[in-house]
Amino acid sequence: MHAQSVKNRQTFSIASKLSHAYQSHSYRIAVISRFLAAIVGGYVFTAVFSSLLSIMLPLKKSDAVLLSISLTIFIYSCVFIWVFAVKSLTKIWITILLTTAGSALILSLLKGWL
């Protein structure tokens, strides 16, 4: 009976270690994914949105470009903060991808690329 309880404790110990390792790795992957969304996704979204904004602003071309470039610092900061404020990682990626694709589509239509 004692040998059986020792074996059960060892099995439980191994299972808990595996569970802890999985949770640790999944947490790390989620944090890396958030950083990628914030850095890469935020950069791409900001670049596309800045291009779109510089075309749509009813100012002289040079003024519109300068204003949109100035606003990109604020937009990028907001996207970076938003990525870490939202709970769902799926929602983050879907939102970044859809808004970037939508902005790129509008930009393409306005520039006559499509």
Side-chain angles (χ1 to χ4, degrees):
M1 180 99 178
H2 178 67
Q4 182 68 23
S5 67
V6 169
K7 187 174 181 178
N8 284 342
R9 273 189 275 149
Q10 288 175 345
T11 304
F12 179 72
S13 176
I14 292 171
S16 71
K17 286 180 183 178
L18 287 174
S19 173
H20 179 69
Y22 173 75
Q23 289 173 352
S24 174
H25 287 302
S26 66
Y27 176 74
R28 289 178 182 161
I29 290 170
V31 170
I32 289 170
S33 181
R34 283 184 190 269
F35 268 108
L36 283 175
I39 294 169
V40 177
Y43 176 78
V44 172
F45 168 74
T46 304
V48 171
F49 189 74
S50 171
S51 300
L52 179 63
L53 191 61
S54 68
I55 291 173
M56 293 180 64
L57 286 174
L59 301 170
K60 282 186 349 184
K61 186 80 167 168
S62 59
D63 292 339
V65 169
L66 285 174
L67 181 60
S68 66
I69 295 286
S70 299
L71 288 175
T72 57
I73 297 168
F74 176 70
I75 293 167
Y76 186 68
S77 301
C78 289
V79 170
F80 203 94
I81 292 168
W82 174 79
V83 165
F84 286 96
V86 173
K87 195 172 190 175
S88 171
L89 198 56
T90 307
K91 182 178 179 181
I92 291 168
W93 278 108
I94 289 173
T95 304
I96 286 177
L97 291 174
L98 285 179
T99 54
T100 303
S103 297
L105 179 66
I106 294 169
L107 179 65
S108 299
L109 291 172
L110 289 175
K111 292 293 278 185
W113 296 335
L114 290 179

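Residue indices begin at 1 and follow the sequence shown.
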Q: Does any non-hydrogen side-chain atom of Tyr43 lie less than 4.5 Å from one of Val79?
A: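 Of all side-chain heavy-atom pairs linking Tyr43 with Val79, none is under 4.5 Å.
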Q: So if you build clusters from Ile, Leu, Val, Met, Phe, Trp, Tyr with side-chain heavy-atom gaps below 4.5 Å, do Ile75 and Val86 land together?
A: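 The answer is yes; both residues are in one hydrophobic cluster.
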Q: When you measure from the side chain of Ser50 to the backbone N and O of Ala47, does any donor-acceptor pair fall under 3.5 Å?
A: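 Checking the backbone N and O of Ala47 against the side chain of Ser50, no donor-acceptor pair under 3.5 Å is found.
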Q: Using the rule that two of Ile, Leu, Val, Met, Phe, Trp, Tyr join whenever any of their side-chain heavy atoms come within less than 4.5 Å, decide whether Ile55 and Leu66 are in one cluster.
A: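 Each belongs to a different hydrophobic cluster.
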Q: Measure the CG-NZ distance between Leu67 and Lys60 for me, rounded to the nearest 0.5 Å.
A: 13.5 Å
Q: In Å and rounded to the nearest 0.5 Å, what is the CG to CG distance from Leu105 to Leu114?
A: 6.5 Å
Q: With rounding to the nearest 0.5 Å, note down the distance linking CD1 in Ile94 to CG in Leu89.
A: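 Here the rounded value is 10.0 Å.
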Q: Do you reckon Val83 sits in the same ILVMFWY cluster as Leu36, going by side-chain contacts under 4.5 Å, direct or chained?
A: yes
Q: Going hydrophobic residue to hydrophobic residue with side-chain gaps under 4.5 angstrom, can you get from Leu109 over to Met56?
A: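 Cluster IDs for Leu109 and Met56 differ.
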Q: For Val48 and Ala104, work out which heavy atoms get closest and say how close.
A: CG1-N, 3.4 Å
Q: Report yes if the side chains of Leu52 and Leu110 come closer than 4.5 Å at any heavy-atom pair, otherwise no.
A: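 They are in contact (side-chain heavy atoms under 4.5 Å apart), so the answer is yes.
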Q: In Å and rounded to the nearest 0.5 Å, what is the CZ to CD1 distance from Arg34 to Ile29?
A: 14.0 Å
Q: Kindly compute the distance separating OG1 (Thr46) from CG (Leu71), expressed to the nearest 0.5 Å.
A: 11.0 Å
Q: Indicate if Ile96 and Ile32 have the same hydrophobic cluster label, given that clusters are the connected sets of ILVMFWY residues with side-chain heavy-atom separations under 4.5 angstrom.
A: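 Yes.
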Q: Write down the atom of Ala64, the atom of Leu59, and the distance for their closest heavy-atom approach.
A: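 Shortest heavy-atom separation between Ala64 and Leu59 comes out as N-CB, 4.1 Å.
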Q: What distance do Leu107 atom CG and Ser51 atom OG have between them, rounded to the nearest 0.5 Å?
A: 5.5 Å
Q: Less than 6.0 angstrom separating the ring centers of Phe35 and Phe84, yes or no?
A: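 Yes, ring centres under 6.0 Å apart.
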Q: Locate the shortest heavy-atom distance separating Ile39 from Phe80; write the atom from each residue and the value.
A: CG1-CE1, 3.8 Å
Q: Anything under 30° is parallel, anything over 60° is perpendicular, the rest tilted; go ahead and classify Phe49 against Phe45.
A: parallel
